[in-house]
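Structure record follows, encoded as structure tokens.
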Amino acid sequence: MLITELKSKETICSLVAGKKAFIINCHGCKEIHFPEEEAKALQKELADAGNVTGIFTTDYICNPENNELRLEHYKDAIDEADLILVLSCGVGVQTIAEMFEDKMVCAACDTYPLPGFQGVTPLEYDCKQCGECYLNLTGGICPITACSKSLVNGQCGGSKDGNCEVDPNMECGWERIYRRLKQIGRLDVLKCPTQIRNYATDDEVK
């Protein structure tokens with residue numbers, strides 16, 4: 001089980017400021033705890049301001065084959081959008097980022113752990129539910145799970161031939177992040193000030 005919370009209104013509005021966004025809502029695992037009315041009000045506000053090209057709501061966004069077919073009906077709205085804003089856990093955001101590699105995909109939520117059975121996904125993506133989602137800064141590729149050291153400030157320098165020094169069979173997560181940011185024209189993100197991780201939200205250290 002998990003808890004998905006909206007990022008602050010200021011953060012979400014800053015993501016779409018001066019841009020057009022296509023919004024994807026997941027009503028799967030997050031229904032356990034989620035400020036649904038607040039999310040609807042914010043989406044309406046963004047739509048009224050002319051920042052939204054379309055809204056798609058689904059159950060379990062981590063079923064890409066099903067959603068790929070359904071999203072075909074929104075192709076024009078997605079093409080018109082500058083970015084895709086995803087309201088889901090980190091797995092859902094990573095799923096959409098993989099489906100739309102040429103689009104900026106942003107997380108509108110942070111995910112926190114909740115004791116109990118975890119949802120099962122057939123995908124390789126993972127969400128550590130760290131409570132501080134970095135996917136907006138890393139092109140939709142999670143540095144916590146894609147990097148063996150969970151580094152959030154860039155590559156460690158120990159990779160060899162593009163593979164991780166900890167696990168030679170694992171591709172370096174930060175090389176993947178660099179390629180994705182370059183593909184979507186967002187290498188400027190790497191110039192952001194150093195991101196200090198808030199470990200107080202991480203269940204692994206409690």
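Just so you know, these numbers use all the heavy atoms, side chains as well, and skip hydrogens, waters and symmetry mates. Just so you know, these numbers come straight off a predicted model, no measurement behind them.
The main-chain N or O of L181 is never found under 3.5 Å from a side-chain atom of R186 such that the two would form a donor-acceptor pair. Looking at K19, its side chain never comes within 3.5 Å of a backbone N or O of A81 through a donor-acceptor pair. Put simply, the side chain of S159 never gets that close to the backbone of G162: no donor and acceptor are under 3.5 Å apart. Checked by atom type and distance alone, the side chain of K44 never pairs as donor or acceptor with a backbone atom of A39 at under 3.5 Å.
Hydrophobic cluster membership differs between L151 and V166, with clusters built from Ile, Leu, Val, Met, Phe, Trp and Tyr side chains linked at under 4.5 angstrom.
Salt bridge annotation for K7-D110: present, with a cationic side-chain nitrogen under 4.0 angstrom from a carboxylate oxygen. Residues E165 and K149 are paired through a salt bridge, judged by an N-O separation under 4.0 Å between the basic side chain and the carboxylate. Remark: E38 does not engage K9 in a salt bridge, criterion side-chain N to carboxylate O under 4.0 Å.
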Could you please spell out the steps behind the side-chain contact (heavy atoms from CB on, under 4.5 Å) verdict for Q43 and L87?
-> CA-CA 10 Å; Q43 291 177 61; L87 283 78; 3.7 Å; yes

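Under 3.5 Å, the side chains of T11 and S14 contain no donor-acceptor pair of N or O atoms.
L135 is listed as a side-chain neighbour of Q94, based on a closest heavy-atom distance under 4.5 Å.
Every side-chain contact (heavy atoms from CB on, under 4.5 Å) that R179 has, sequence neighbours left out, goes to E171, E175, R176. Here F56 pairs with F22, I24, T58, N67, R70, L71, Y74 under the side-chain contact (heavy atoms from CB on, under 4.5 Å) rule; sequence neighbours left out.
Considering every non-hydrogen atom in both S88 and V93, the closest pair reads OG-N, 3.4 Å.
One finds the CD1 atom of I23 at 4.5 Å from the CD1 atom of I55 (value rounded to the nearest 0.5 Å).
For CG of D161, the number of neighbouring non-hydrogen atoms (other residues, nucleotides, ligands) closer than 6.0 Å is 12 at most.
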